[in-house]
Q: 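Below is the structure I would like to discuss, written out as structure tokens.
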Amino acid sequence: MAAEVSMPAPVCLIENTAEGELVLKQEAIEILNKITQPVVVVAIVGRYRTGKSYLINKLAGKNKGFSLGSSIQTHTKGIWMWCLPHPQKSKHTLVLLDTEGLGDVEKGNANNDTSIFSMAILLSSVFVYNSIGTIDQRTLDQLHYVTELSNHINVKSPVHKDHNAKVSDTADFMSFFPTFIWTVRDFSLELELKGKPITADDYLENALQLLKGNDSDTSKLNLPRECIRLYFPERKCFVFDRPTSTKNLKRLEELHENDLEEDFVTPTREFCQYIFQKCGTKTIEGGHSVTGKRLANLAVAYVDAIRSGTVPCIESAMAALAQTENTAAVQEALAHYERQMREQIKFPTATVKVFLDLHAECEKEAIKIFMERSFKDEDQEFQKHLGEMLKDRCEKMCTVNEQRSTDMCRDLLQKLSSTMQKNQLGGVYSKSGGYLLFVEDQKRLTEQYRQTPGKGIKAEEVLQEYIQKQESVAMSILKVNQTLSQKEKEIAEEQGKVKAAEWELKLKEEMQAAAQPKSHEEHVKQLTRKMEEDRLKMMQDNEREISQKLKAEEVLQEYFQKQESVAMSILKLDHTLLQKEKEIAEERGKVKAAEQERKLKEVMQAAAQQKLEGQPKSHEEHVKQLTQKMEEDRLKMMQDNEREISQKLKAEDVLQEYIQKQESVAMSILKVNQTLLQKEKEIAEKQAKLQAAEQERKLKEVMQAAAQQMLEAQQKSQEEHVKQLTQKMEEDRLKMMQENERVISQKLKEMVKDRCEKFCAENEQRSTDICRNLLQKLSSTMQENLSGGVYSKPGGYLLFVEDQKRVTEQYRQTPGKGIKADEVLQEYFQKQESVAVSILKLDHILSQKKEIAEEQEKLQAAEREMKLKEVMQAAAQQKLEAQQKSIEEHVKQLTQVMEKDRLKMMQDNEREISQKLKEQALLIQEEADKQQQQMQEEIKLLQKKVEESNSCVII
């Protein structure tokens, strides 16, 4: 949009049709809409053929522009406009309005001149009235349009007028009407008054002096003078000599200043300089400057009012202009905000504070733009609307920011987790140790994700969402790993057994093939010695292998027994708690039943006593009282049951929390199981390798011995005997080995059991000592609180439970407690159970009062509310700070604008008051002159009467 417009030639602004209607020209309106600078509007009005157009062409610095005419017919029709850069005020536009000549005899409608005269006054900031000759009564009578202004212009809307409307309009006209300049053309008189030289302004003021007299004719003659004096407090007059001869007037546009009379050129320059320097910008109510766009809106409002047959109203036009301008100001400010946000913001932002700071900066600029353009925003309606629109735009952009961050983070996680997805599909995590590999990959993915910049404000939220989704995958991988570890252990054991059987079979075959000694005795002797050595070695190997397996089996069995004991202890604890709750409920039920029975007996005894005393009551009254008593007892029982149920729910919550803690312990135990299984697998593999190596070595020795025997064997006849002997010895050896294995196994089991029991007892004792010392250390604070009576106050039981929970958590988090950790903890709980029961009873006793219970509920509600407020406040703190900054800046700008408006209003009020005082002084002076003149006339009449009476007396 152009800020400055320079038109090469004038255009028609308001056309005066042949039917006498005023029509706005769209071309001129579009030109005004392009002007965003303040405008100085100069309108010239006068009777046709008085040289108006030439004078206003000089304001444009041209000889030609507005059309001049030399005939007796009016040449300018309607109102023409010429927009030019102001010659002396930068960033201002000079708007020149040339009007159709008044008093054209060819017009059939006299009101048409009044409409043009009114439009010129309403649109201009400088109103020039042009006339020829002198300012005399005839000239003033021709200016009768000014006396009709109150009938053709309303300052206030008719609905707001009161009984003093004329007085109010007269006062308001002075503040709304433009500066009045009277230009007198072809002035040939000397500027003298009573022999003294005067100025053109003195000449005008003298011509506007009211004529003396109270008759209707005098009042009619004074009416134009009074209206000019009242409506136009700022007045100026310029007188011009005839510019040139009558012959040259036809080509006045072609003449140079040197060809014109000096008494015409000099006042013309003074006239132009006065308007350029002294005449200010057109303003509206509140001192707001009028731009070209605002001037176009005012012209549309006034012309529409005239065309509709109504009187143009300044207040209504201002209201319509305010509506249009403020709406446009809101749209412009909103467009600037959106443009600045789009240009400066880069989605997603690193933090919420970055987004809110940028929003506050753009919002500040938008409000500044709105404040510069808006006016008459009563009750800040449009400003509030702008604030709501800015808030809505901010929320939408915040949503876009969050969505961009979420999409970017999800894409990044999808990219980083591609390798893990391939491993999962390829079964990498479905092998032994796959869970640990999965955890390491997930940890590496999290580190890479956190190190990647530019993720935005939803980075942590999306990461937590991804981790939660991966928890189910992790649990399934963990279960598969546990199953694989158990199966691998079983397979390793079966492989060891198969290898041992194969080795034994090979050994038998080799021994049978090698059974060919030189002599039977030597062969039997050597074979017996060899078998004895093999038997001893085999027994040693078997003993060592059995020992290792027994140790591993005993450790595993002991571990599972411990886990079973933990599970059983937890189950027993649950049963114990439930049983105790049941017993407590039964006892309370018995107590309540006994109490009700006692009360019933008391009622019956009271009734019997009354009967004995001779004051029996009726059966119905007795039943009624007994029913009321039972109803009260029933209500109390319901209250007690509700309180008991709430306590059970609290106990159940504590139990559930304890079970959840035990689940975490079970998970840690499961991890330990996995580690033990892995180690057992490694040990089994090493043992299998050692056994294979040992069997291979033995096989080689047997083969070497068999080869040596085969070389020395010479007697084929003894093969059957050796075979039978070998079979017999093999059977004996097997029996002996079985017997030895049985004996060794029994002794080994007894030894292992004894050693294991000793080590277990020592291990359990050390674990018990460590755990008891740890619990004593952790519970020292609870002991001090117990001694100090901290738990002997209302709510002490909940405090005791929380402290006990904290001790339990610290105890479970402490490593190196050993296998007696849970047993010692359960023992500690059992010891603390009596203390907890006593504290609970004391707490119940202290909490029976209704006022204390209500106070506790209020405190708990206040604490929950405080926590909720803290959480919400932490999330919205930055946004509130940014909004506070925006509001402070908004208030600051609004205060500045209001201060400017106040100063301008004070100046306007002072100017109006001074003008009113002047007018009142003039009216008083005139009234005094009238009264003085009237008194002089009365004195003359009295003198005549006195003279007449004297003459009568003389006669």
Side-chain angles (χ1 to χ4, degrees), residues 39-47 50-52 55-56 59 79 94-99 102 113-114 116-137 139-150 152-153 155 169-185 187 198-210 222-240 267-268 270-284 290 314 908 911-912 914-916 918-919 922:
V39 293
V40 178
V41 186
V42 182
I44 190 165
V45 178
R47 297 184 66 80
T50 57
K52 302 186 307 299
L55 195 60
I56 203 165
L59 288 174
I79 300 178
L94 181 65
V95 179
L96 304 175
L97 301 179
D98 188 15
T99 63
L102 304 177
D113 286 345
T114 306
I116 292 177
F117 189 88
S118 301
M119 285 298 301
I121 288 178
L122 291 171
L123 295 179
S124 64
S125 58
V126 181
F127 180 81
V128 181
Y129 180 74
N130 190 69
S131 65
I132 293 179
T134 60
I135 302 178
D136 52 16
Q137 189 60 49
T139 307
L140 291 173
D141 290 341
Q142 290 175 353
L143 195 57
H144 64 87
Y145 309 103
V146 74
T147 64
E148 302 171 2
L149 287 178
S150 60
H152 291 81
I153 297 176
V155 176
D169 281 353
T170 302
D172 291 333
F173 280 158
M174 294 186 295
S175 61
F176 283 104
F177 279 10
T179 301
F180 181 82
I181 299 177
W182 195 324
T183 57
V184 183
R185 306 289 293 277
F187 184 78
I198 60 174
T199 63
D201 294 339
D202 295 335
Y203 174 68
L204 174 62
E205 294 300 323
N206 182 67
L208 295 178
Q209 288 291 330
L210 299 179
N222 283 333
L223 183 59
R225 294 178 173 88
E226 290 179 350
C227 290
I228 293 173
R229 292 162 64 95
L230 288 174
Y231 295 160
F232 303 103
E234 296 183 12
R235 299 182 291 272
K236 185 71 177 175
C237 181
F238 292 93
V239 294
F240 303 84
T268 301
E270 293 175 355
F271 168 74
C272 294
Q273 288 301 315
Y274 179 81
I275 289 180
F276 294 155
Q277 296 177 0
K278 302 296 184 181
C279 297
T281 306
K282 180 171 178 58
T283 58
I284 53 180
V290 174
I314 297 176
D908 294 340
R911 186 165 61 251
E912 291 177 10
S914 63
Q915 185 63 33
K916 287 181 179 180
K918 289 180 182 179
E919 295 299 328
L922 290 173

Q: To check you understand the geometry: which heavy-atom pair defines the closest contact between Thr139 and Thr134, and what is its length?
A: OG1-O, 2.9 Å
Q: What's the spacing between Leu210 CG and Arg225 CZ if we round to 0.5 Å?
A: 7.5 Å
Q: To the nearest 0.5 Å, how far apart are CG in Leu102 and CG in Asp113?
A: 5.0 Å
Q: How far apart are the closest heavy atoms of Val42 and Ile56, and which atoms are they?
A: O-CD1, 4.0 Å
Q: Has Arg235 got a side-chain atom pairing as donor or acceptor with Glu205's backbone, closer than 3.5 angstrom?
A: no
Q: Once you round to the nearest 0.5 Å, how far does CD1 of Ile153 lie from CD1 of Ile121?
A: 5.5 Å
Q: Compute the centroid of each ring, for Phe238 and then for Phe187, and state whether the two points are separated by less than 6.0 Å.
A: no
Q: Going by heavy atoms in the side chains, are Leu208 and Phe232 under 4.5 Å from each other?
A: no
Q: Heavy-atom distance under 4.5 Å between the side chains of Ile135 and Trp182, does that happen here?
A: yes
Q: Do the side chains of Ile228 and Leu143 get nearer than 4.5 Å, heavy atoms only?
A: yes
Q: Taking side chain as C-beta onward, heavy atoms only, is Thr183 less than 4.5 Å from Ser131?
A: no
Q: Quick check: closest heavy atoms across Ile44 and Lys52, and the distance to 0.1 Å?
A: CD1-O, 3.6 Å
Q: Just by distance, do the side chain of Lys282 and the backbone of Val290 share a donor-acceptor pair under 3.5 Å?
A: no
Q: For residues Cys279 and Ile181, report the shortest heavy-atom separation together with the two atoms involved.
A: SG-CD1, 4.4 Å
Q: So, does Thr179 use its side chain to make a donor-acceptor pair with the main chain of Val126 at under 3.5 Å?
A: no
Q: Can you confirm whether Ile275 sits close enough to Leu59 that some side-chain heavy atom of one is under 4.5 Å from a side-chain heavy atom of the other?
A: yes
Q: With under 30° as parallel and over 60° as perpendicular, where do the rings of Phe177 and Tyr231 fit, or are they tilted in between?
A: perpendicular
Q: Going through the distances and angles, do Val128 and Val45 end up as a side-chain contact (heavy atoms from CB on, under 4.5 Å)?
A: CA-CA 6 Å; Val128 181; Val45 178; over 6 Å; no
Q: Might you point out which heavy atoms bring Arg47 and Gln142 nearest each other, and give the distance in Å?
A: CD-OE1, 3.0 Å
Q: Between Asn206 and Ile198, does the side-chain contact (heavy atoms from CB on, under 4.5 Å) criterion hold? Intermediate values first, please.
A: CA-CA 10 Å; Asn206 182 67; Ile198 60 174; 5.7 Å; no
Q: Do the ring planes of Phe271 and Phe240 sit parallel (below 30°), tilted (30 to 60°) or perpendicular (above 60°)?
A: perpendicular
Q: One pair to check against side-chain contact (heavy atoms from CB on, under 4.5 Å): Phe180 and Glu234. What are the steps and the verdict?
A: CA-CA 6 Å; Phe180 181 82; Glu234 296 183 12; over 6 Å; no
Q: Supply the atom-to-atom distance Glu226 CD to Leu223 CG, rounded to the nearest 0.5 angstrom.
A: 6.5 Å
Q: Over all heavy atoms of both residues, which pair between Leu204 and Cys237 is shortest? Give the atoms and the distance, please.
A: CB-CB, 3.7 Å
Q: Measuring from atom OG of Ser125 to atom CG of Leu94, what distance do you get when rounded to the nearest 0.5 angstrom?
A: 8.5 Å
Q: Specify whether Phe117 and Tyr129 have parallel, tilted or perpendicular ring planes, treating 30° as the upper limit for parallel and 60° as the lower limit for perpendicular.
A: perpendicular
Q: Closer than 4.0 angstrom, basic N to acidic O: yes or no for Lys236 and Asp201?
A: yes
